[in-house]
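In this chain, residues are counted from 1 in sequence order.
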Amino acid sequence: MSYESVGDARASGRPRLIIGITGASAPHLAIHLLTALQRLKTVETHLVVSRAAHRTLELEAGLRPEDLRGLADVQHQRGDIAASIASGSFLTMGMVVVPCSMKTLAAVAHGYSDDLLARAADVCLKERRRLVLVTRETPLSLVHLRNMTAVTEAGAIVLPPVPAFYQQPASIEDLLAHLSGKILDQFGIEHDLSPRWQGPAGVRQLAGGLAR
C-alpha cells in the first residue's frame, strides 16, 4: 500500500491544502496545525514529511511519520515525484511548510526540487498558488535573509513562528493555537483557534477573564 492511498484519498469536494514538515526544530507546530484542520474538516489535507523531519519528530515529539497518518487525509512519500501534488494539474489552494528548515528555504529559493516536498513548493510558485514558509531558525545569517527575500520576490510568504502576547496566552497550547490561526488566515480558512485583536478594551477583557 502506498502512502498516497492511506486515508481518505477520494474526491472530498473540499479544497486541498498541502502540509510539508521539514527537519527544523518544533514539529509540534505542524502537529497542532494538522490537528486543528482535522477538527475543522473544511479542507482535504495532503502531508509530506522530509527525511530530516523523521529524526526531529522522533527526538522532539517521540513520534514517527507513520504516527501522523491519522491526522492527514493523504500522506505522500517524500521520494515519490510522481505523486499527485508534484503536478500543477492537481488543483490545491496552496501549501504550508511548517516548520521550514533553512535547507528547504534554500531549495525553494533556488528551484532545487530534490524531493517531493521541494517539488510541491515549486509547483505552488509556478502556478501562482499560496505558499507559506514557517521558517524556523535564529539568529539569521545573511544567506538566510537573502533566501527569504528570494522566495518573497517569487511570491511566497515567510511566516516565522513568532509568539504573540496580546491575546494573553496562558499556556504553550495558546501560543501554538495562535500560530496555527495565523497560518490558516493566509489561506482564508475560517477558524476559532485564538481570540483576535479587538483593541485595548479587548485585552482588558481577556486579562480580567484570566484573573478570575
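Counting only heavy atoms from C-beta outward, the side chains of Asp73 and Arg14 approach each other to under 4.5 Å.
Leu63 pairs by the side-chain contact (heavy atoms from CB on, under 4.5 Å) definition with Ile31, Ala61, Asp67, Leu68, not counting sequence neighbours. For Glu173, the side-chain hydrogen bond (donor to acceptor under 3.5 Å, both in side chains) test picks out His32, with sequence neighbours left out. The salt bridge (Lys or Arg N to Asp or Glu O under 4.0 Å) search around Arg51 returns none, not counting sequence neighbours. Qualifying side-chain hydrogen bond (donor to acceptor under 3.5 Å, both in side chains) partners for Glu137, counting only residues two or more places apart in sequence or in other chains: none. Residues forming a ring-ring contact (aromatic ring centres under 6.0 Å, His included) with His28 (at least two apart in sequence, or on another chain): none. Partners of Ser141 according to the side-chain hydrogen bond (donor to acceptor under 3.5 Å, both in side chains) rule, which considers only residues two or more places apart in sequence or in another chain, are His144.
His46 and His76 have parallel rings, their planes meeting at less than 30° on a 0 to 90° scale where 60° marks the start of perpendicular.
Among pairs with a residue in residues 102-123, those fulfilling salt bridge (Lys or Arg N to Asp or Glu O under 4.0 Å) read Arg119-Asp122, at least two apart in sequence or across chains. For the salt bridge (Lys or Arg N to Asp or Glu O under 4.0 Å) condition, no pair includes a residue of residues 156-172, sequence neighbours left out. Within the structure, the salt bridge (Lys or Arg N to Asp or Glu O under 4.0 Å) test picks out the following pairs touching residues 27-39 (sequence neighbours left out): Arg39-Asp192. For residues 174-188, every residue pair satisfying the salt bridge (Lys or Arg N to Asp or Glu O under 4.0 Å) rule, not counting sequence neighbours, is listed here: Asp185-Arg196.
At a threshold of 4.5 Å between side-chain heavy atoms, the hydrophobic network of Ile, Leu, Val, Met, Phe, Trp and Tyr places Leu17 and Leu117 in two separate groups.
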Extract all donor-acceptor atom pairs below 3.5 Å that involve side chains of residues 145-158 and protein atoms in other chains or at least two apart in sequence.
from, atom 1, to, atom 2, distance (Å)
Asn147, OD1, His110, NE2, 3.1
Asn147, ND2, Val143, O, 3.4
Thr149, OG1, Leu145, O, 3.1
Thr152, OG1, Met148, O, 2.8

Only distances under 3.5 Å count here; give the side-chain donor-acceptor pairs of residues 92-101 to other protein atoms, sequence neighbours excluded, each with its distance to 0.1 Å.
from, atom 1, to, atom 2, distance (Å)
Thr92, OG1, Gly94, N, 3.2
Ser101, OG, Thr104, N, 3.1
Ser101, OG, Thr104, OG1, 3.2

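A donor-acceptor pair under 3.5 Å is formed between the side chain of Gln167 and the backbone N or O of Ala164.
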Next on the checklist: Could you go through Leu159 and Leu179, starting from their C-alpha distance and side-chain angles, then the distance that decides it, and tell me whether this counts as side-chain contact (heavy atoms from CB on, under 4.5 Å)?
Outcome noted: CA-CA 9 Å; Leu159 196 162; Leu179 178 69; 3.7 Å; yes
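Considering OG1 of Thr22 and CE of Met102, their distance stands at 8.0 Å, rounded to 0.5 Å. With rounding to the nearest 0.5 Å, the separation of OG in Ser194 from CG in Leu175 is 10.0 Å.
In the displayed structure, Leu40 atom CG is contacted under 6.0 Å by more than 12 heavy atoms of other residues, nucleotides or ligands.
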